[in-house]
Structure formats: C-alpha cells, structure tokens
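Okay, so here's the structure we're looking at.
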Amino acid sequence: MPTANAYAAPSATGDLTLTTIERRDVGPNDVSIDIKFAGICHSDIHTVRGDWGPQQYPLAPGHEIAGIVTEVGSDVSKHKVGDRVGVGCMVNSCKECKHCLAGEEQYCLNGNVGTYGSVDRDGTITQGGYTSHVVVNEDFVVTIPEGLDLDVAAPLLCAGITTYSPLHHWGAGPGKKVAVVGLGGLGHMAVKLAHAMGAEVTVLSQSLKKMEDGLQLGADHYYATSDPSTFEQLGGTFDLIINTVSASIDISAYLQLLTLDGTLVNVGAPAEPLPVNVFSLITGRRRFAGSAIGGIRETQEMLNFCAEHGLGAEIEVIPASKINEAYERVLASDVRYRFVIDASTIG
C-alpha cells in the first residue's frame, strides 16, 4: 500500500512528529491530491488530544486541504490532473439517505466520514491534511477557483464553510443585523462573509484589542463582552448571532441580544454543555440552533462566492516543524487568524 509523509500525534498527550502513514491505491472513483497547504483548525487540537473522545493513533489531523490533482481514477469525471482542488471536513458519506441526496452530506443519517480519525467505508481509519498527499473520492473534492490563492483558500474548507452555511441558511443580507461572537479563525471569516452578503455586522469579543482588525475585516461595530453595559445597550438588537467560540459562554445572556424571532447559531463546539435559561427563548420567540460545516454543493458555492468577492482567510504560513508551537499559540489566541502549514515542508 502506498505511504505518505505525515505529521501525526502518537497519543493524546504527545507532540506531533514526522512519520509515515498508509494511503490507499487510487480507485476508479478516486482523486489523488498533492497537498500544497493545510490549515490548522481548533478542532484538530481537540481531536488529537482526545477532548471529543478516544482516538486511534498515530493520527494525522487536518481538514482544510488545498492542493493539485496528480492522478485520477478511471471513472472520475469531475476533476483532472493539474486541477486546483480542496478537501474539507469529510471525505465520504452513504450517498443514499435523504440528507445526502439533498446535498447535505454533513448530516448523513448513516454518518459522514470525517477527513481524519473516522472509519472509512473500507474499514480504514482516515488520516488528514498534515500529509504529503491524500486520496479522496471525487464526490468530496471541490474546485478552488483561479481567483483564490491556495494558501488563503485552505482555511475556507472549514472556517469558511462553517460560517457561510449558517449565514446563508438564516438569510444574512441587506437589512439584517448580524453579530459574530469571537474574532478568531471562524469569527474573522464570519465577519468577512456577512459583510460581503450585505448585512450590518457587529463583533462581540471579550476585549477591544482586535477592534481595529475587526473593522478592517468588514465589521460596522465592535463591542467588548467583558463590559456589562454591552448587554444592556444591545438588548433586542440582532436578527442573527453566530457564536464561533469553543469556550463556555453565558448563552442566555447572548440570547437576550436577539430581536423577535432572532436566532443564535452555535458553530463553536465546547467540550462541556451550554446551559440555557428557557425564558431567554420564550420571551422573544428566539431560537438557539447549531450548524455543522456545509454540504459539498454549498462548499463549492462558498468558494465561488469568496473568489467573486476577493475573500480569503487571513493567514500565517508556517513550516510543519512549527505545528506544535502553533497549537500552543492557537490555545493562547495568538494567531491572526489562521495558521496554514506549507505542506512542502512535510518530510
């Protein structure tokens, strides 16, 4: 079986180290991709450290993958050698349930196959983008438009689609007031996308230290949530709130910021439960919802939208040797706004 160079976690507590992993042969419906760039997502850290459940090791994370097609299977029709492509958070699904047939593969009733740490249809454990190359079913490979550089496009495969999908689903656009909680990897893309959609955008962050950045990214307003007057001043204001933080926050307090029929959508995924005071919902017919990435069709739509509007992630490109240092900086919120691994440095 072919192998690939990879940076993988040997255990839940060990640093990621250079190793080799197995990749399957290219099947009739597969695409082999030479990985050029891979984004570092907070989910990578949660997963390899066992925060969301036990894993099989070694595990190479990474689900923000941008690269070039180097080989295609005999039955592949969607991609060809030399194409600029991306792979996001999933690499397979049943393709038969009602959600898959509707283009919502992320909600596959039989469970989609995650890009890493999941059991694929052939029984193997998937390995992600911190690798030299990847072999993926063509249906889960998207085209990166020419208007997007591969390095700034890579984080769009998670951070971009994770925020685009709820903004699109809940109708962010002209005349709508949208708040984004947290200005990190997800939050900065939510601001860019909501602004490009035409919404009035407010950032709600712990402090004002990133205020200049937030306004440059497209926010119209910026408030510190550490200031109690923020919640008094903004009560009943927003049509939609996108909560991007992975830490526990007072959801009931944020629900009070919604106008009648407003929706608070969680896309950050803290390990602990988030309690809700039901009266925060009842008193304004408000909704507390969640959203997970997007389907393949919507992911392509998002990439096309970003190319049309000149939107890419704000990134810091690093060599693979600095992955462990980058993890610590992510946990310390010391990145503006997404680390991207130069995959040519793997191996």
Side-chain angles (χ1 to χ4, degrees), residues 1-12 14-24 30-68 85-93 105-106 111-122 124-137 140-142 144 150-151 153-162 185 269 292-293 296 299 313 318 320 322-324 326-327 330 338-347:
M1 185 173 285
T3 60
N5 292 329
Y7 265 77
S11 67
D15 284 349
L16 277 71
T17 56
L18 180 62
T19 185
T20 57
I21 58 160
E22 291 184 340
R23 289 294 192 199
R24 69 172 181 263
D30 286 337
V31 174
S32 182
I33 302 164
D34 177 20
I35 298 175
K36 298 299 184 183
F37 297 98
I40 292 179
C41 177
H42 207 141
S43 300
D44 300 346
I45 303 173
H46 280 304
T47 303
V48 300
R49 297 189 175 180
D51 294 342
W52 293 342
Q55 302 295 321
Q56 289 194 36
Y57 300 95
L59 178 61
H63 55 207
E64 298 180 339
I65 301 168
I68 305 293
V85 296
V87 177
C89 299
M90 54 185 172
V91 292
N92 219 331
S93 73
E105 300 92 347
Q106 74 275 34
N112 72 66
V113 177
T115 304
Y116 60 87
S118 287
V119 180
D120 208 343
R121 299 299 171 194
D122 61 3
T124 60
I125 302 298
T126 56
Q127 301 282 357
Y130 297 11
T131 53
S132 54
H133 76 276
V134 64
V135 177
V136 182
N137 181 286
F140 289 83
V141 177
V142 291
I144 296 178
L150 293 180
D151 54 357
L156 301 180
L157 278 304
C158 175
I161 187 58
T162 295
I293 53 171
I296 298 302
T299 301
I318 61 166
K322 296 219 173 149
I323 291 172
N324 295 300
Y327 273 22
V330 169
R338 205 64 154 185
F339 285 117
V340 171
I341 302 161
D342 176 354
S344 70
T345 64
I346 298 174

Looking at every non-hydrogen atom in both residues, tell me the closest pair between [X] and [Y] and how far apart they are.
{"X": "G117", "Y": "I125", "answer": "CA-CG2, 4.1 Å"}
{"X": "P10", "Y": "D15", "answer": "CD-O, 3.1 Å"}
{"X": "L156", "Y": "A313", "answer": "CD2-N, 4.3 Å"}
{"X": "A269", "Y": "H46", "answer": "O-NE2, 4.4 Å"}
{"X": "S344", "Y": "D342", "answer": "OG-OD1, 2.7 Å"}
{"X": "A154", "Y": "E64", "answer": "O-CB, 3.1 Å"}

Within the structure provided, determine whether [X] and [Y] are in side-chain contact (heavy-atom separation under 4.5 Å).
{"X": "D30", "Y": "N137", "value": "yes"}
{"X": "T124", "Y": "R24", "value": "no"}
{"X": "V87", "Y": "L157", "value": "no"}
{"X": "T131", "Y": "I346", "value": "no"}
{"X": "H63", "Y": "V91", "value": "no"}
{"X": "I68", "Y": "L150", "value": "yes"}
{"X": "I323", "Y": "F339", "value": "no"}

Distance check, rounded to the nearest 0.5 Å: [X] atom [atom1] versus [Y] atom [atom2]?
{"X": "Y130", "Y": "L59", "atom1": "OH", "atom2": "CG", "value": "10.0 Å"}
{"X": "I35", "Y": "I65", "atom1": "CD1", "atom2": "CD1", "value": "4.5 Å"}
{"X": "T345", "Y": "I318", "atom1": "OG1", "atom2": "CD1", "value": "8.0 Å"}
{"X": "I144", "Y": "K36", "atom1": "CD1", "atom2": "NZ", "value": "12.0 Å"}

Determine whether a donor-acceptor pair (N or O, by modelled atom type, separation under 3.5 Å) exists between the side chain of [X] and the backbone of [Y].
{"X": "T126", "Y": "G114", "result": "yes"}
{"X": "N112", "Y": "Q106", "result": "yes"}
{"X": "N324", "Y": "L16", "result": "yes"}
{"X": "Y57", "Y": "V48", "result": "yes"}
{"X": "S118", "Y": "T115", "result": "no"}
{"X": "Q127", "Y": "P58", "result": "yes"}

Q.
For Y116 and D44, which I'm curious about, is there any donor-acceptor pair between the side chains at under 3.5 Å?
A. yes

Q) Side chains of S32 and R23: donor-acceptor distance under 3.5 Å anywhere? A) no

